[in-house]
Amino acid sequence: MSRVCFMAAVAVAAVARVCGETLDVLEPLKAPPSVCANGCARWGALAADGNHANQTAVNLLWRNHSLQKSAGAVCAQPGLSPFKDGSTVGGYSGAYCFCKGPLQVTDTVVGYCESKPGVPEQINLQVSAPDTLVASFVTFGPQAAGAHPQVQVSEDPSLAGAKVFEGVTHTYLSPSSDGGKAQPVRSYNMHFVVLSGLKERTRYFYRVAPHKPADPNVPNATSCHGWTCSVEGEYCPPNVPGATQPSGDRCCSGKWIPGTAACASPWSSTLSFRSLYTAGETRIAIFGDMGMMSDGNTVHGNLLRDAEAGAIDAFVHMGDHAYQMSSDDDRRGDGYMNAYQPLAGTVPWLPVIGNHEYYDNAFFHRFLNQSYGVQLGRGPVKAPFCGHQNGCASQEDLMSRHPTLDPEDSITADSALGTLLARTKMVASSSRKSGPVPSNTSRWYSTEIGLVHLIALDMMVYPGATPDPGPAPGVYLKAQREWLEADLAAIDRKKTPWVLAFAHHPLYCSSITMGTGTVEFGEDGLPADHAADVLSELTPEQKLRVPPGKHYKGCTGTGELFVELARASLEPLFLQYGVDMFLAGHEHDYESVWPVKHCAMGSPRCYIGDSFDEPKAPVHVVCGEGGTNGGDHFGDNWGPWTRKQLGQDTPGECTTLNSGGSTQGGCSAGYGRITAHNESHLTYEYVLNVNGTVWDSWTVHQPNHGPFE
């Protein structure tokens, strides 16, 4: 497939991609940094604009130098960030610019740009069902009471005859790394609009707004110039008590503007997407561990190319999204979602939780709040976002906007975790029909696209992972497993013959970078001799499958004890219900695993298949090098079930791949491309970020979907 280079404009960001497939992202609607008194300097003319930064070093931040020259002085996230010329700004917390002079030697040279009140950003489309997507976006600043976000959708690029969908807005408060003592907690308006009843495989055009645009002919203002106001775009009527200016004042960003000054439109620019489907060939991309690094930016460009070519219709990100979303008081997450918008705003996606979503005092609040759309369009849904760090929408408001939701399944709780906990009552009541069982949380959930039933799981519930701040040990583990069994039992294999499960951590792997073979456990109740049992040597049969010069010490990157506990919990269900594939990230490499089951180290029950033709166990894949600027290593570690490995130290591979243009050393960086051709054949391809070529490809032939045991 030839690679096409292009430029495109989208709602918050203009995007340029060159044949290296890295994106340079412009954000022209951002305000200059507050530290830049004279605004932004031109990216290609720093000295002329009075900025003494090294122009050569700045040039090296950009993939597309033509775009750099034409970008002028707008805020941007250049594709090869971070800036390394002695600056404290790294491009990892969003768009930035260099300050326009004149500057003194001690003046700030560069700074992060700022969001304007009421301007939509971080636009993305979350998959809820084959005919339902949820448009999610963020605004900052005051949100008028009773205002509801809007989305216009049409098959016409001009939005002629557009259907208007109305949604809900929730307040999210950043956790703030210092508890809000030195810096104020930042308040987000997180908007979610359900786009239901979409026709299959249809190109739609859409735009979003945080509220219904004001009708200047129906003014209801109560004050004028010099007073505050709440309805964006509203005109001040004549003869209002207290008005100090003639009628015609307009409400802009919470204040009356004198005269007939125009406000910025609340609408974003127009984006487009192709809707999903219930049958036929199904095409999905999947990867983990992308982050805010330049190699992660590369996968954006490759996936956009694939979407344009019809090679993918949706994608899955298997966790560790931005390292971390909540860093810099959540600004890292803002930068990530804005850089992600050109992709996630045009290609529907499924977010999965990883261990890095738990860090920086966030305890996954940012992830749960931003990924709420995967559940909102499904119902029944519990009211989200209630907690000491989060605002809380009223249940009455949620029900009035979505009357199909079941109020009996709506609960309140004193934490974001409690409100999103899947409960036995919900599972039982939801399993009365076939298809995905609602989980009421984006920590674990399922959906269907075409021929494939997709299951997202949270591995943080298992002992040995990052501590889960739940009400008691094992509560979420039990809840997830009960939901998973109900969901698997409800699948109609005639409708969705392929069942794919995925999570952040793998169940079979041989990466060695991140661990030593064991995991430090807290008070988890494990017997003292458990580690010795798990880390026993391979059986003679298993040793025969390890190539000469290779050894196997366990899945030490993730931690063998953790892997064994998770596998003991999940594998019996995978075998009972015939899960075809399990995919994971976490390990920053690629590993293809033969069909395998019961293969704890030393297990006499271990089964390993020799082909993908009518497999008798799930096929496992590790695909965790979405773009982390440097892959993990395998060393001489090779699992008895390993089919193929690509890591930073794979002999003969990195030298060749780096010569193709990778400047960050992530030669193994890439993503998976899954195509379910029909009910019996499914192909997996591993695509390299550095050059967009297919490094590995294999096809599963399974004419008899169902239990493996």
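Side-chain atoms are counted along with the backbone in the values below, which use heavy atoms only and exclude waters and symmetry mates.
Of all the heavy atoms in S154 and L159, the pair that sits closest is CB-CA, 3.7 Å. The nearest pair of heavy atoms linking G333 to R366 is C-NH2, 3.4 Å. Of all non-hydrogen atoms in Y684 and I674, the two that sit nearest each other are CD1-CG1, 3.8 Å. Minimum heavy-atom separation, D589 to S511: OD2-OG, 3.1 Å. Summarising the geometry of L457 relative to A503, their closest heavy-atom pair is O-CB, 3.5 Å, with the distance given to 0.1 Å. What you find for Q126 and S136 is that their closest heavy atoms are NE2-CB, 3.6 Å.
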* To do: Run the numbers on Y277 and D131 for side-chain hydrogen bond (donor to acceptor under 3.5 Å, both in side chains), then give the verdict.
  => CA-CA 7 Å; Y277 40 84; D131 66 344; over 6 Å; no
* Residues D334, Q122; criterion side-chain hydrogen bond (donor to acceptor under 3.5 Å, both in side chains); working and verdict -> CA-CA 7 Å; D334 299 344; Q122 306 179 43; 3.3 Å; yes
* To do: Evaluate side-chain hydrogen bond (donor to acceptor under 3.5 Å, both in side chains) for E591 paired with T642, printing each intermediate quantity in order.
  => CA-CA 7 Å; E591 184 169 9; T642 298; 2.7 Å; yes
* **Stepwise side chain to side chain contact (heavy atoms under 4.5 Å, CB included) test for V208 and W267** => CA-CA 6 Å; V208 307; W267 291 108; 5.5 Å; no
* Asked: Going through the distances and angles, do T139 and H191 end up as a side-chain hydrogen bond (donor to acceptor under 3.5 Å, both in side chains)?
  -> CA-CA 8 Å; T139 59; H191 309 284; 2.7 Å; yes
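Remark: the Y172 side chain and the D330 side chain contain an N/O donor-acceptor pair separated by less than 3.5 Å. Q645 and S510 form a side-chain donor-acceptor contact under 3.5 Å, judged by distance and modelled atom types alone. For the residue pair N59 / Q68, a side-chain donor-acceptor distance below 3.5 Å is found, with atom types taken as modelled. T202 and E155 share no donor-acceptor pair across their side chains, judged by distance under 3.5 Å alone. Counted by atom type alone, T699 and T683 present one or more donor-acceptor pairs between their side chains at under 3.5 Å. Donor-acceptor pairing under 3.5 Å is recorded for the side chains of Q77 and E27.
Relative orientation of the Y336 and H317 rings is perpendicular, given thresholds of 30° and 60° on the angle between their planes. In this structure, Y508 and H620 have perpendicular ring planes: the angle between them is above 60°, well past the 30° mark.
Test H356, H588, H586 against D289 for side-chain hydrogen bond (donor to acceptor under 3.5 Å, both in side chains) and you get one pass: H588. When L454, T675, I312, V127 are each tested for a side chain to side chain contact (heavy atoms under 4.5 Å, CB included) with I284, only one passes: L454.
The distance from atom NZ of K30 to atom CG of N338, rounded to the nearest 0.5 Å, is 5.0 Å. Rounding to the nearest 0.5 Å gives a distance of 11.0 Å between CG of L682 and CD of Q702. Note: L125 CG to L271 CG = 8.0 Å, rounded to the nearest 0.5 Å. The structure places OG1 of T693 at 11.0 Å from CD of E685, a figure rounded to the nearest 0.5 Å. Put simply, CD1 on I353 and CZ on R443 are 5.5 Å apart, with the number rounded to the nearest 0.5 Å. For the atom pair CE of M318 and SG of C623, the computed distance is 5.0 Å after rounding to the nearest 0.5 Å.
Side-chain rings of F502 and F582 stay apart, their centers remaining 6.0 Å or farther from each other. Between W498 and H453, a ring centre-to-centre spacing not shorter than 6.0 Å is recorded. For F315 and Y340, the gap between ring centers is short of 6.0 Å. For an aromatic pair to be called close, the ring centres must be under 6.0 Å apart, and H701 with F612 fails this. Under the 6.0 Å cut-off for aromatic ring centres, Y96 and W43 qualify, their centroids lying closer than that.
Using a 4.5 Å heavy-atom cutoff, the side chains of S128 and Y445 are not in contact. In this structure, P615 and V700 have side chains that are in contact, with non-hydrogen atoms separated by less than 4.5 Å. For the pair F367/P351, a side-chain contact is recorded, criterion being any heavy-atom separation below 4.5 Å from C-beta on. Contact check for L67 versus W62: side-chain heavy atoms found under the 4.5 Å cut-off.
Under a 4.0 Å N-O distance rule, the pair D696/R643 qualifies as a salt bridge. In this structure, D156 does not pair ionically with R203, as no charged nitrogen and carboxylate oxygen lie closer than 4.0 Å.
With hydrogens and angles ignored, the 3.5 Å screen pairs a side-chain donor or acceptor of Y204 with a backbone N or O of K199. Of the possible donor and acceptor atoms, one in the side chain of Y686 sits under 3.5 Å from a partner among the backbone N and O of G670.
Remark: SG of C113 is found under 2.5 Å from SG of C75. Cys pair C509/C555: SG-SG separation is below 2.5 Å.
Remark: K644 NZ is packed, more than 12 non-hydrogen atoms of other residues, nucleotides or ligands lying under 6.0 Å away.
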